[in-house]
A.B. asks: 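Take this structure first; my questions come after.
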Amino acid sequence: MNVSEDELNGLYTWVDEIPLSRPKRNIARDFSDGVLVAEIVQHFHPKLVDLHNYSGAHGATQKQYNWTTLNQRVFKKLDFVLAKSEIEAVVNCDPGAVERVLKLVKVKLEKYNERQLQRSSSNEGDSPGYQDLSNRTPGSTGGQMGDSTGRRTQSRTAKASPTAQAHVTVKGASDKAAAAELADKEQTILELRETNEIIETKVKKLEQLVRLKDAKIQTLIQKMQAAGLA
């Protein structure tokens, strides 16, 4: 995703308007570890980001870990994922790399906001079932039979007690609450799975380090034995 000169000015203005934890002196270097990008997303959608998962870094390994975590836990929810080559370009402070990523994040945040607004509007527009029944008119099915059915429906609706109507309303609200709770649980499960994947990755790296240290120790022992020191 290329960034034009006009877009660059707008992008820098957008970033400057967001309160971040550290001053922006060199944008390529300051954003290379992914922490400030996590803060930008958290500024607009606090529930999408746990900032304690990201720590400032100077080394490439920790920087890549931060970006990989963003990919798995945040960017997927925004409907995109950075390629490995893009992450490496940002980590290495390649010219224009972080601007391309920031532009993509900005675009995806705007689309995510639109989806959230549409979902909210759709939920507010839902109507309880009893309203549809009460709006049916006599004779809607045609002929004398339709008139009779319509009158009976209208009569039953007129006789329905406020308590019964309230029960239907409460049931509709309860269904929505249950659906929302289920969605929250599914999101929690997804986050736990992602956390587990990250922990497994860390464990594998630690095991690799232990093997390397063991190999170095074994090499030293062999050298000492060869030198008659052990």
A.B. asks: Check Lys103 with Glu99, please: is the shortest side-chain N to carboxylate O separation under 4.0 Å?
C.D. replies: no
A.B. asks: So, using side chain to side chain contact (heavy atoms under 4.5 Å, CB included) as the criterion, who are the partners of Lys111 when residues are at least two apart?
C.D. replies: Val107, Arg115
A.B. asks: Measure the spacing between NZ of Lys84 and OG1 of Thr68 and express it to the nearest 0.5 Å.
C.D. replies: 9.0 Å
A.B. asks: What distance separates Tyr65 OH from Asn53 CG, expressed to the nearest 0.5 Å?
C.D. replies: 6.5 Å
A.B. asks: Who are the side-chain hydrogen bond (donor to acceptor under 3.5 Å, both in side chains) partners of His43, not counting sequence neighbours?
C.D. replies: none
A.B. asks: Have a look at Leu102 and tell me which of Val90, Leu8, Ile40, Val3 forms a side chain to side chain contact (heavy atoms under 4.5 Å, CB included) with it.
C.D. replies: Ile40
A.B. asks: State the NZ-CD distance between Lys106 and Glu110, to the nearest 0.5 angstrom.
C.D. replies: 4.0 Å
A.B. asks: Any donor and acceptor pair, going by atom type alone, linking the side chain of Asp33 with main-chain N or O of Val35 inside 3.5 Å?
C.D. replies: yes
A.B. asks: Using the side-chain hydrogen bond (donor to acceptor under 3.5 Å, both in side chains) criterion, which residues pair with Gln222? Sequence neighbours excluded.
C.D. replies: none
A.B. asks: Give the cluster check for Leu70 versus Val81: same hydrophobic cluster or not, with ILVMFWY residues linked at side-chain heavy-atom distances below 4.5 Å.
C.D. replies: no
A.B. asks: Pair Asp50, Arg73 - check side chain to side chain contact (heavy atoms under 4.5 Å, CB included), show working.
C.D. replies: CA-CA 9 Å; Asp50 291 325; Arg73 307 197 65 171; 4.2 Å; yes
A.B. asks: Is Ile27 close to Tyr12 at the side-chain level, that is, under 4.5 Å between some pair of heavy atoms?
C.D. replies: yes
A.B. asks: State the NZ-CD distance between Lys47 and Gln42, to the nearest 0.5 angstrom.
C.D. replies: 12.5 Å
A.B. asks: Between Asn26 (side chain) and Arg29 (backbone), is there a donor-acceptor pair under 3.5 Å?
C.D. replies: yes
A.B. asks: Check whether Asn71 reaches the backbone of Leu82 with its side chain - one donor and one acceptor, N or O, closer than 3.5 Å.
C.D. replies: yes
A.B. asks: Does Lys223, at its NZ atom, have more than 12 non-hydrogen atoms belonging to other residues, nucleotides or ligands within less than 6.0 Å?
C.D. replies: no
A.B. asks: Please name all residues satisfying side-chain hydrogen bond (donor to acceptor under 3.5 Å, both in side chains) with Glu88, sequence neighbours left out, ordered by chain then number.
C.D. replies: none
A.B. asks: For a quick check under 3.5 Å, do Gln62 and Asn66 share a side-chain donor-acceptor pair by atom type?
C.D. replies: yes
A.B. asks: Taking the side chain from Thr219 and the backbone from Ala215, do they hold a donor-acceptor pair closer than 3.5 Å?
C.D. replies: yes
A.B. asks: Considering all heavy atoms of both residues, which atom of Arg100 and which atom of Pro95 are nearest to each other, and what is their separation?
C.D. replies: NH1-O, 4.1 Å
A.B. asks: Taking all non-hydrogen atoms of both residues into account, name the closest pair between Ala28 and Cys93 and its distance.
C.D. replies: O-SG, 3.7 Å
A.B. asks: Asn113: which residues meet the side-chain hydrogen bond (donor to acceptor under 3.5 Å, both in side chains) condition with it, sequence neighbours left out?
C.D. replies: His45
A.B. asks: More than 12 heavy atoms of other residues, nucleotides or ligands under 6.0 Å from CZ of Arg22: yes or no?
C.D. replies: yes
A.B. asks: Evaluate Trp67 against Val37 for side chain to side chain contact (heavy atoms under 4.5 Å, CB included), listing each step before the verdict.
C.D. replies: CA-CA 9 Å; Trp67 285 104; Val37 174; 3.6 Å; yes
A.B. asks: What pairs of donor and acceptor atoms, side-chain ones from residues 14-21 against any protein atom, are under 3.5 angstrom apart with sequence neighbours left out?
C.D. replies:
{"from": "Ser21", "atom 1": "OG", "to": "Glu39", "atom 2": "OE1", "distance (Å)": "3.3"}
{"from": "Ser21", "atom 1": "OG", "to": "Glu39", "atom 2": "OE2", "distance (Å)": "2.5"}

